[in-house]
Amino acid sequence: KVKKQTTKAKSPRRKQVKRALPIFILASVILMVSLFLISPWSKQKTITVSGFKNALERNIISDSGIKSSDYIFNLILNHKNYEKAVETSNVWIKKANLTYQFPNRFTLKVNEYSIVAYTQTDQGYQPILENGKRVDTVNASELPEKFVTINLTDENQIQQLIKSFSSLKEDLLHQIQTVSLANSASTPDLLLVTMQDGNLV
């Protein structure tokens, strides 16, 4: 009888412990998160960039708006804002994706716009990207073996031409050497295309 009474007496206490256990666990988690947030570790992070070829890594990180004072949780929860900032600010970047690896590693994976053609300026050759935007000039030694040179001055014509290039097959685009105005009196926007093999179109 004594054993049975003892067992019955402990049963309600066990039930109370079981009910309080989730609250205790939740409180412990909140406490640990709070302690982490006020510690220096909450802002210590390592950021690397992958997928870039022409853009500079330091510029990509700077354009993302990520600061040393930003919390790790902020980067995890608001990663799309940082991705959009890179895509908007950096002329080379077509797509950016910020991924997280425990405990504090972040990787900014980027996809760049490709160079479609070049235009010659007094400072050198200026690459024109597939989105129609231009980037800093390069020296002749940095040019590829075969490339398209656009000898046009009208910016609208250049933009339209770049859009037209997107519908061409890559093999056909690589066969083009230069694009210039044909200087036609009857058709001012007539273009003269010189192919790599010397033929004129």
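None of the values given here were measured: they were computed from a predicted structure. All values below were derived from every heavy atom in this structure, side-chain atoms included, with hydrogens, water molecules and symmetry-related copies excluded. Numbering of residues begins at 1 and proceeds along the displayed sequence.
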So with a 6.0 Å cut-off around CD of E170, is the heavy-atom count from everything else above 12? no
Tell me if the CG atom of D136 is crowded by more than 12 foreign heavy atoms within 6.0 Å. no
Distance, nearest 0.5 Å, that separates [atom1] of [X] from [atom2] of [Y]:
X	Y	atom1	atom2	result
S114	K94	OG	NZ	6.0 Å
Q123	N139	CD	CG	11.5 Å
L108	I60	CG	CD1	7.0 Å
L56	D63	CG	CG	10.0 Å
N131	W92	CG	CH2	9.5 Å
T194	L200	OG1	CG	5.0 Å

Test side-chain hydrogen bond (donor to acceptor under 3.5 Å, both in side chains) on Q126 and T119 and set out the steps. CA-CA 5 Å; Q126 191 173 30; T119 182; 5.9 Å; no
Heavy-atom closest pair, residues [X] and [Y]:
X	Y	value
S64	A85	O-CB, 3.6 Å
T107	Q101	OG1-OE1, 4.1 Å
L75	K45	CD2-CD, 3.8 Å
T187	S184	N-OG, 3.2 Å

Audit row: L77, N74, side chain to side chain contact (heavy atoms under 4.5 Å, CB included) steps and yes/no: CA-CA 5 Å; L77 297 175; N74 191 38; 5.7 Å; no
Side chain to side chain contact (heavy atoms under 4.5 Å, CB included) between L192 and V201, intermediate numbers included: CA-CA 6 Å; L192 179 64; V201 181; over 6 Å; no
Does any non-hydrogen side-chain atom of [Y] lie less than 4.5 Å from one of [X]?
X	Y	result
Y82	I61	no
T178	N151	yes
M195	Q177	no
Q175	K169	no
I72	Q44	no
T99	N97	yes
I150	L161	yes
T137	T121	yes

Any chain of hydrophobic side-chain contacts (each under 4.5 Å) joining [X] to [Y]?
X	Y	value
V116	L129	no
I128	I115	no
V135	I158	no
Y100	F73	yes
F165	V91	no

Go through the steps for D189 and Q157 under the test side chain to side chain contact (heavy atoms under 4.5 Å, CB included), then give the verdict. CA-CA 8 Å; D189 59 349; Q157 287 182 337; 4.0 Å; yes
For N81, does its backbone N or O pair with a side-chain atom of N78 as donor and acceptor, under 3.5 Å? no
Backbone of E87 reached by a side-chain donor or acceptor of N90 within 3.5 Å: no
Side chain to side chain contact (heavy atoms under 4.5 Å, CB included), that's the test. Do I162 and Q159 meet it? Break it down for me. CA-CA 5 Å; I162 294 299; Q159 295 294 329; 5.5 Å; no
In terms of side-chain geometry, is the basic nitrogen of K95 or E112 positioned less than 4.0 Å from the acidic oxygen of its partner? no
Less than 4.0 angstrom from a charged side-chain N to a carboxylate O is my criterion; do E83 and K109 meet it? no
Taking only residues at least two apart or on different chains, which pairs with a member in residues 166-201 satisfy ring-ring contact (aromatic ring centres under 6.0 Å, His included)? none
Once ring pair (Phe, Tyr, Trp, His ring centres under 6.0 Å) is applied, do any residues pair with F147, and if so which ones, sequence neighbours excluded? Y118, Y125
